[in-house]
Each structure stands twice: as C-alpha cells, then as structure tokens.
S.K.: 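Sharing a structure here in structure tokens format.
This is a predicted model, so every value here is computed, not measured.
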Amino acid sequence: MKRIVFLGVILLISVGAFVKVSATSSQSMHTLNVVDHQELSIIQAIELAFPSALKWNKDAQLLQAINIDLDKPGNSIGSNGKRKHWNISFGVPDTNKNFLVTIHDGKIDRVHDLTGEGTSPFPKTEFVLMKDVKYDSPELLKKALKVGDIYPGKEWAKGYNFILRKDTERNINLLQVVGWNRDQTEMKSSPFDALTGKYMP
C-alpha cells in the first residue's frame, strides 16, 4: 500500500512529469473517441483510459487514478467533481508490468509502459476492480463539503483533487477528495469507500 500512496503523491506533485516521455506504443492507441467536453469525472477518465491499457495487455487492471495539477489558478477548479488532466495507472497482477495513460484536456495525450527491471510485482490486493466503484467524484465532493471544512487549493494542488486507489489495509476502494484548510496552510483529505459512499476517516 505504501508504494501506491507514494506513487499517488508523486503523480500529483510532479505536475505530469511523465507526459514528457515519449509514448512507446503505436499511434493507434491515441485515436480513441474524443469526449464532448474537456472535464472528466474520475470514472469517466478511467473509462477513457482503459481501452489503451487493455491494448497494452489484455490482463491489465487499474492501480490508481489521480488528477494532474496543470490548471491555472482559479476559483472553480474541480468544484464540479471533474478535472481536465489525469494520470491513470494500470498494472498486471502478480507481475511488475506497469502502464500509464495521461489525459490532457479530456483526451488521451500520452501512453507509456513504465515496467522497470527489478521492480517487485504488484499483488492482486493492490488493484481496483471497477465493478466495486459505485460512487463518482462529483457525488463524493458534495459529501466531502458536508463532512468537514475543506477548501480548494489556490497555488499548488489547486482546486479540489481526486484520487482513487486500493486501501489494502481495509480492503476497500478509497476515493479521496483532497483540498486545503481555510488558511491554505495544510492539505486535507476526505476519504470515502467508493462502493458504499461511506466516509472513511
């Protein structure tokens, strides 16, 4: 689980560093249907990315989805539970195979095989099964705003941010709504069970 949490933080604060690398797959992987709008919920982003992952490996499963902090500062970023830019990570259970799909402005921009020599395999327990994800980021943002004082970031980790990953300790799919305290001095996270919508402090 520590590896997944660490990966999530790195992906968020890296401001899409992985998008600088060249895609190793064919151009055909980028020719998915273009969505009608640029902003995507976390489930919409995963659904957009999944066909590329399955083309990479038919046994690919979701490891993590997280938005990228590329937007210019503004008051409404993520306020509808949607973002324009995402990193969606996939793997193959019990192997070290790792694949990243980067979404910019609501469409796939880059795909990259991140499989590294000598890295340990991903156990099955680290993967998110989409059949167990019933709540989306717009719904859970509304719940997060009711649960506690959480405010959009202004300069870094702007707006409201969203992460979906497996909490292996509790064996649940955790969808986190990430923001800041009122003074913008401390990040705050409101985690929910993506299956039941229950707040999981």
S.K.: Using a 4.5 Å cut-off on heavy atoms from C-beta on, say whether the side chain of L63 contacts that of F122.
M.R.: yes
S.K.: Hydrophobic cluster membership, with links at side-chain heavy-atom distances under 4.5 Å among I/L/V/M/F/W/Y: are I42 and M130 in one?
M.R.: yes
S.K.: Of the non-hydrogen atoms in A45 and I103, which two are nearest, and what is the gap between them?
M.R.: O-CD1, 3.5 Å
S.K.: Are I172 and L129 joined in one hydrophobic group, where the rule is that I, L, V, M, F, W and Y side chains link up if heavy atoms are under 4.5 Å apart?
M.R.: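 Each belongs to a different hydrophobic cluster.
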S.K.: Keeping Q64 on the side-chain end and V128 on the backbone end, is there a donor-acceptor pair under 3.5 Å?
M.R.: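 No; zero donor-acceptor contacts below 3.5 Å.
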S.K.: Mind checking the CG-CG spacing from L195 to L175? Nearest 0.5 Å is all I need.
M.R.: 12.0 Å
S.K.: Of the non-hydrogen atoms in P73 and E155, which two are nearest, and what is the gap between them?
M.R.: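 Between these two residues, the closest heavy atoms are CG-OE1, 4.4 Å.
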S.K.: Under a 4.5 Å side-chain heavy-atom rule over Ile, Leu, Val, Met, Phe, Trp and Tyr, are M200 and M187 clustered together?
M.R.: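 Hydrophobic grouping puts M200 apart from M187.
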S.K.: Side chain of K134, backbone of K131: donor and acceptor closer than 3.5 Å?
M.R.: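 Confirmed, K134 side chain pairs with K131 backbone.
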S.K.: Let me confirm one number: the CD-OG distance from E39 to S76, rounded to the nearest 0.5 Å.
M.R.: 7.5 Å
S.K.: Please determine whether residues L40 and F50 belong to a single hydrophobic cluster, defined as Ile, Leu, Val, Met, Phe, Trp and Tyr linked transitively by side-chain heavy-atom distances below 4.5 Å.
M.R.: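 Yes.
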S.K.: Please examine the side chains of K166 and T125, heavy atoms only from C-beta on, and report whether any two atoms are closer than 4.5 Å.
M.R.: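 They are not in side-chain contact.
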S.K.: Looking only at atom types and distance, does a side-chain atom of Q176 sit under 3.5 Å from a main-chain N or O of F162, one as donor and one as acceptor?
M.R.: no
S.K.: Sub-3.5 Å donor-acceptor pair from the side chain of K143 to the main-chain atoms of Y199, do we have one?
M.R.: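 Not confirmed, K143 side chain does not pair with Y199 backbone.
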S.K.: Grab the two heavy atoms, one from L141 and one from S79, that are nearest each other, plus how far apart they are.
M.R.: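 For L141 and S79, the tightest heavy-atom pair comes out as CD2-O, 3.3 Å.
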S.K.: Side chains of N98 and T119: does their closest heavy-atom pair fall under 4.5 Å?
M.R.: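 Result no, sub-4.5 Å side-chain heavy-atom pair not found.
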S.K.: When you check the gap from the basic side-chain N to the acidic O, do R83 and D71 get nearer than 4.0 Å?
M.R.: yes
S.K.: Roughly how far, to the nearest 0.5 Å, is OG1 of T102 from NZ of K107?
M.R.: 14.5 Å
S.K.: Yes or no on salt bridge (charged side-chain N to carboxylate O under 4.0 Å, His left out) for K158 and D69, after CA distance, side-chain angles and deciding distance?
M.R.: CA-CA 6 Å; K158 297 178 288 294; D69 193 29; 3.2 Å; yes
S.K.: Under the ring pair (Phe, Tyr, Trp, His ring centres under 6.0 Å) rule, collect the residues that match up with Y151, sequence neighbours excluded.
M.R.: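 In terms of ring pair (Phe, Tyr, Trp, His ring centres under 6.0 Å), with neighbours along the sequence ignored, Y151 is linked to no residue.
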S.K.: Can you confirm whether H85 sits close enough to N67 that some side-chain heavy atom of one is under 4.5 Å from a side-chain heavy atom of the other?
M.R.: no
S.K.: Give a yes or no answer on whether the side chain of D167 reaches the backbone of E169 with a donor-acceptor pair at less than 3.5 Å.
M.R.: yes
S.K.: I'd like to know if the side chain of E139 and the backbone of D136 have a donor-acceptor N/O pair within less than 3.5 Å.
M.R.: yes
S.K.: Would you give the length of the straight line joining atom CD1 of I66 to atom CG of N161, rounded to the nearest 0.5 angstrom?
M.R.: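 Rounded to the nearest 0.5 Å, the CD1-CG separation comes out at 7.5 Å.
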S.K.: Kindly compute the distance separating CZ (F192) from NZ (K198), expressed to the nearest 0.5 Å.
M.R.: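 Nearest 0.5 Å value for the CZ-NZ distance: 12.5 Å.
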S.K.: With no hydrogens and no angle check, is any side-chain donor or acceptor of D113 less than 3.5 Å from a backbone partner on T115?
M.R.: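 Looks like yes, one N/O pair under 3.5 Å.
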S.K.: Before giving the answer on side-chain contact (heavy atoms from CB on, under 4.5 Å), spell out for L70 and K84 the whole-Å C-alpha distance, their side-chain angles and the decisive distance to 0.1 Å.
M.R.: CA-CA 9 Å; L70 284 178; K84 295 180 181 180; over 6 Å; no
S.K.: Among the clusters formed by ILVMFWY side chains lying less than 4.5 Å apart, do W86 and I43 turn up in the same one?
M.R.: yes
S.K.: Looking at K97, I'd like to know if its NZ atom is crowded, meaning that more than 12 non-hydrogen atoms belonging to other residues, nucleotides or ligands lie closer than 6.0 Å.
M.R.: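 Not more than 12 within 6.0 Å, no.
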S.K.: Quick check: do L100 and F90 have side-chain heavy atoms less than 4.5 Å from each other?
M.R.: no
S.K.: Identify the heavy atoms of A144 and S190 that sit nearest to each other, and give their distance.
M.R.: CB-CB, 3.7 Å
S.K.: Show, in sequence, the C-alpha distance, side-chain angles and deciding distance for Y160 and W180, and conclude whether the side-chain contact (heavy atoms from CB on, under 4.5 Å) test is met.
M.R.: CA-CA 8 Å; Y160 294 106; W180 291 78; over 6 Å; no
S.K.: Do L62 and I88 come within less than 4.5 Å of each other through their side chains, counting heavy atoms only?
M.R.: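 The answer is yes, as the side chains (C-beta and beyond) meet within the 4.5 Å cut-off.
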S.K.: Would the distance check show the side chain of N96 and the main-chain N or O of P121 forming a donor-acceptor pair, the cut-off being under 3.5 Å?
M.R.: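 No; judged by distance alone, with no hydrogens or angles, the pair does not exist.
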S.K.: I'd like to know if the side chain of Q44 and the backbone of S41 have a donor-acceptor N/O pair within less than 3.5 Å.
M.R.: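 Yes; at least one donor-acceptor contact below 3.5 Å.
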S.K.: Quick check: closest heavy atoms across P152 and Q184, and the distance to 0.1 Å?
M.R.: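 Where P152 meets Q184 most closely, the heavy atoms are O-NE2, 3.0 Å.
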S.K.: Would you check, one step at a time, whether the test side-chain contact (heavy atoms from CB on, under 4.5 Å) holds for K124 with D94?
M.R.: CA-CA 6 Å; K124 292 179 181 178; D94 297 326; 3.2 Å; yes
S.K.: Is there a side-chain contact between I108 and S52 in this structure, where contact means two heavy atoms from C-beta onward sitting under 4.5 Å apart?
M.R.: yes
S.K.: Is it the case that the side chain of S189 and the backbone of V178 share a donor-acceptor pair, with hydrogens and angles ignored and the cut-off at 3.5 Å?
M.R.: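 No, the answer is negative, given that no donor and acceptor are paired below the 3.5 Å cut-off.
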S.K.: Of all the heavy-atom pairs spanning I150 and G179, show the shortest one and how long it is.
M.R.: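 Taking I150 first and G179 second, the nearest heavy atoms are CD1-N, 3.5 Å.
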S.K.: Starting at CD of Q61, measure out to CD of E126 and round the result to the nearest 0.5 Å.
M.R.: 12.0 Å
S.K.: Could you tell me whether the side chain of Y135 reaches within less than 4.5 Å of the side chain of L164, counting heavy atoms only?
M.R.: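 No; the side chains remain at least 4.5 Å from each other.
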